[in-house]
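Starting from 1, each residue takes its place in the sequence as its number.
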Amino acid sequence: MAAVKAHKLRELSKADLEKQLKDLKLELSSLRVAKVTGGAASKLSKIKVVRKSIACVLTVMNQKTRDASREYYSTRPFAPIDLREKKTRAIRRRLTKSEAGKKTVKQAKKDKHFSKRLYAVKA
């Protein structure tokens, strides 16, 4: 079996991906048996290709799962931590725009009673 391509795997359904994974794992186990029994060099070199193919299938499965989770939580107010934007720690802890724009009761009273004075200067 030749190496599988990720873009072709993305078109498959979850059931097809699981079947592909099962087939690849069976092939890998048979190749490992051939290695122990002294198989041909072509079979030994194929082990690496099959292992990388298994990794590719698992990666595509995980990507699909994460995309589905992102879709599900896009309309919700909160998302799991691993699906949130990473950014930086400082940015994540910074006040939001609405929080930064709010005034305390004391400051609102000061602004109300001691508003900015406007003077017309005679030239």
Tell me whether [X] contacts the main-chain N or O of [Y] through its side chain, where contact means a donor paired with an acceptor under 3.5 Å.
X	Y	value
Arg66	Asp82	yes
Arg117	Ser115	yes
Arg10	Val60	no
Glu18	Ala15	no

Can you tell me how far the [atom1] atom of [X] sits from the [atom2] atom of [Y], to the nearest 0.5 Å?
X	Y	atom1	atom2	value
Arg51	Cys56	CZ	SG	14.0 Å
Lys19	Asp23	NZ	CG	4.5 Å
Lys102	Thr96	NZ	OG1	7.5 Å
Glu27	Ser53	CD	OG	8.0 Å
Lys35	Leu28	NZ	CG	10.0 Å
Lys109	Lys106	NZ	NZ	10.0 Å

Original post:
Ion pair present between Asp111 and Lys116, side-chain N to carboxylate O less than 4.0 angstrom?
Top reply: no
What I'd like to find out is whether the side chain of [X] reaches to under 4.5 Å of the side chain of [Y], using heavy atoms alone.
X	Y	result
Leu21	Lys25	yes
Arg84	Ile81	yes
Thr65	Lys14	no
Leu9	Met61	no

Original post:
Do Arg70 and Tyr73 meet the cation-pi criteria used here (NZ or CZ under 6.0 Å from the six-membered ring centre, within 45° of the axis)?
Top reply: no
Subject >> Between Asn62 and Thr59: side-chain donor-acceptor atoms closer than 3.5 Å >> reply: no
Original post:
Do the side chains of Leu44 and Val33 join up, straight or via other hydrophobic residues, at under 4.5 Å, putting them in one cluster?
Top reply: no
Original post:
In terms of hydrophobic clustering (I, L, V, M, F, W, Y; side-chain heavy atoms under 4.5 Å; direct or indirect links), are Val4 and Leu26 co-clustered?
Top reply: no
Any chance [atom1] of [X] has more than 12 other-residue heavy atoms, nucleotides or ligands included, within less than 6.0 Å?
X	atom1	answer
Glu99	CD	yes
Lys43	NZ	no
Glu71	CD	no
Arg92	CZ	yes

